[in-house]
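First up is the structure itself, then whatever we jot down about it.
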Amino acid sequence: MAGRVDGKVALVTGGASGLGAESARRLAREGAKVMLTDLAADAGQAVADEILDAGGTAAFLTQDVTDEARWGEVVAATLDRFGGIDVLVNSAGVGDGGQSILEATLEAWRRIVSINLDGTFLGVKTVAPIMVAAGRGSIINLSSILGKVGLPGASAYCASKGGVLMLTKSVALELAPLGVRVNSVHPGFIETPMVVNAFRRSENENEMRDTIISRHAMARLGVPREIADAIVFLASDESSFMTGSEMVVDGGYTAA
Ligand SMILES: NC(=O)c1ccc[n+]([C@@H]2O[C@H](COP(=O)([O-])OP(=O)(O)OC[C@H]3O[C@@H](n4cnc5c(N)ncnc54)[C@H](O)[C@@H]3O)[C@@H](O)[C@H]2O)c1
């Protein structure tokens, strides 16, 4: 039976952990050749090995998404290895340390915006010409519900994710006539190392977990598979009439 993204080549940043890792696994299971990248080399290579062991096609490269020159090398290596890039998933990202604006520092702000927003911009900018030349492609940017609604203590994160939302829409308008689709995904709180570590760092881990859970109408956290499935859909031709959309997958967090 043909996979949903059979024969496509997907480049997935943040592929060593959480949503990037699960997206890479599911894209590979649906027939894509996957290039994973991340700062975390051992963990990233382990995800690629897992995909290979399961009979899929994958490779891993170390990458800091804030480094423009490295983006050029990663794209060249992906073309060399797999012959094209049909799908880009910009999943590399960092959370906020929970800093009030009254204590915020420019240094912390710049770090978050540089990874979450500049990193996504560089990915789109470097990969778009390849997709435009091929006349097809799907770019999927990980924003967040926190790119649509605020959270106290997360101003830099929210600003970076709101930036990803509007970057996505602008580029979608530019690239639609050229055959390239660009969409953002807005997860609620999903059980990944990013979220679990944020709970651990809080003063009362269980209380924070319960508070966050209570904000989702479905009264639970999401699991990575639930976001990866949305990403496979956006990567596949099933979503051929979608561009510039905000795909919210949040258990009802923003419905209220
Ligand atoms: N988990 C959630 O609830 C949630 C909700 C909304 C949006 N998101 C977004 O989804 C994306 C993935 O989050 P996750 O939950 O899987 O987090 P995660 O921490 O599990 O994974 C993020 C990965 O990004 C990598 N990374 C960090 N900085 C990098 C850099 N400069 N260059 C390359 N790689 C880098 C990390 O090494 C890590 O492997 C992020 O953009 C995040 O903001 C997550």
Side-chain angles (χ1 to χ4, degrees), residues 11-26 35-48 60-71 73-74 88-97 110-124 126 140-151 154 156-165 167-168 184-201 208-209 212-213 215-216 218 220-228 230-231 234 246-251 253-254:
L11 172 54
V12 181
T13 72
S17 176
L19 306 183
E22 189 60 12
S23 299
R25 290 187 194 99
R26 293 190 86 78
M35 180 63 85
L36 300 92
T37 78
D38 205 291
L39 274 179
D42 291 350
Q45 187 59 55
V47 177
F60 172 79
L61 291 170
T62 307
Q63 180 186 22
D64 180 343
V65 292
T66 66
D67 180 341
E68 184 171 12
R70 185 61 182 151
W71 265 109
E73 292 165 3
V74 162
L88 170 65
V89 181
N90 280 308
S91 189
V94 286
D96 219 310
R110 282 198 172 136
R111 177 174 172 270
I112 289 167
V113 172
S114 130
I115 297 170
N116 294 356
L117 183 54
D118 298 1
T120 302
F121 159 74
L122 287 173
V124 172
T126 316
I140 301 152
N141 294 328
L142 267 295
S143 177
S144 170
I145 48 168
L146 301 180
K148 296 170 67 63
V149 298
L151 184 74
Y157 185 80
C158 290
S160 72
K161 293 299 182 177
V164 169
L165 167 69
L167 167 72
T168 302
S184 54
V185 177
H186 301 259
F189 283 78
I190 314 298
E191 194 108 31
T192 69
M194 180 185 285
V195 164
V196 172
N197 291 337
F199 289 164
R200 285 203 187 116
R201 281 195 308 267
M208 180 165 175
R209 175 181 276 270
I212 294 292
I213 285 175
R215 293 185 188 155
H216 296 75
M218 293 173 78
R220 66 172 176 85
L221 301 177
V223 295
R225 196 264 310 152
E226 292 171 313
I227 304 305
I231 288 171
L234 289 174
E246 310 160 29
M247 187 180 263
V248 175
V249 187
D250 72 348
Y253 188 109
T254 53

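These values consider heavy atoms only, across backbone and side chains, with no hydrogens, waters or symmetry-generated copies. Both ligands and their constituent atoms are indexed starting at 1 by order of listing. In this text, all values refer to a predicted model and were calculated from it rather than measured experimentally.
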Say whether [X], considering both its backbone and side-chain N or O atoms, lies within less than 3.5 Å of an N or O atom on ligand 1.
X	value
N116	no
I145	no
K161	yes

Counting each atom of ligand 1 from 1 as listed, which ones have a heavy atom of [X] under 4.0 Å away?
X	value
V195	1 (N), 2 (C), 3 (O)
I115	28 (N), 31 (N)
D64	30 (C), 31 (N), 32 (N)
P187	5 (C), 6 (C), 7 (C)

Give the residue and atom name of whichever protein heavy atom lies nearest to [atom], and the separation in Å to one decimal.
atom	answer
atom 37 (O) of ligand 1	D38 OD1, 2.6 Å
atom 29 (C) of ligand 1	L39 CD1, 3.6 Å
atom 12 (C) of ligand 1	S91 O, 3.2 Å
atom 44 (C) of ligand 1	L19 CD1, 3.7 Å
atom 3 (O) of ligand 1	I190 N, 2.7 Å
atom 14 (P) of ligand 1	T192 OG1, 3.7 Å
atom 33 (C) of ligand 1	Q63 O, 3.1 Å
atom 27 (C) of ligand 1	G93 O, 3.7 Å

For this session: Identify the heavy atoms of F60 and M35 that sit nearest to each other, and give their distance.
Result: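 Closest approach of F60 to M35: N-SD, 4.2 Å.
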Exercise. Tell me, do F199 and V195 make a side-chain contact under 4.5 Å, heavy atoms counted?
Worked result: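 Answer yes - side chains close enough.
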Using modelled atom types only, decide if a donor and an acceptor are shared between the side chain of [X] and the backbone of [Y] within a distance under 3.5 Å.
X	Y	answer
S143	V185	no
Q45	D42	no
H186	G147	no
K161	L142	yes
R25	R225	no
D96	Y157	yes
T13	A92	yes

Exercise. Name the one of I227, I145, I190 that satisfies side-chain contact (heavy atoms from CB on, under 4.5 Å) with D250?
Worked result: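 Only match with D250 under side-chain contact (heavy atoms from CB on, under 4.5 Å): I145.
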[X] near ligand 1, heavy-atom distance under 4.0 Å?
X	answer
G188	yes
P193	yes
G95	no

For this session: Classify the side-chain pair T168/N141 by whether it contains a donor and acceptor separated by less than 3.5 Å.
Result: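 Distance-only check passes for T168 and N141.
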Problem set entry | Carboxylate-amine/guanidinium proximity below 4.0 Å for E191 and R220 |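 Salt bridge absent between E191 and R220.
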Exercise. Considering only heavy atoms, does A43 approach ligand 1 within less than 4.0 Å through its side chain, its backbone, both, or neither?
Worked result: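 For A43, there is no contact with ligand 1 at all, from either part.
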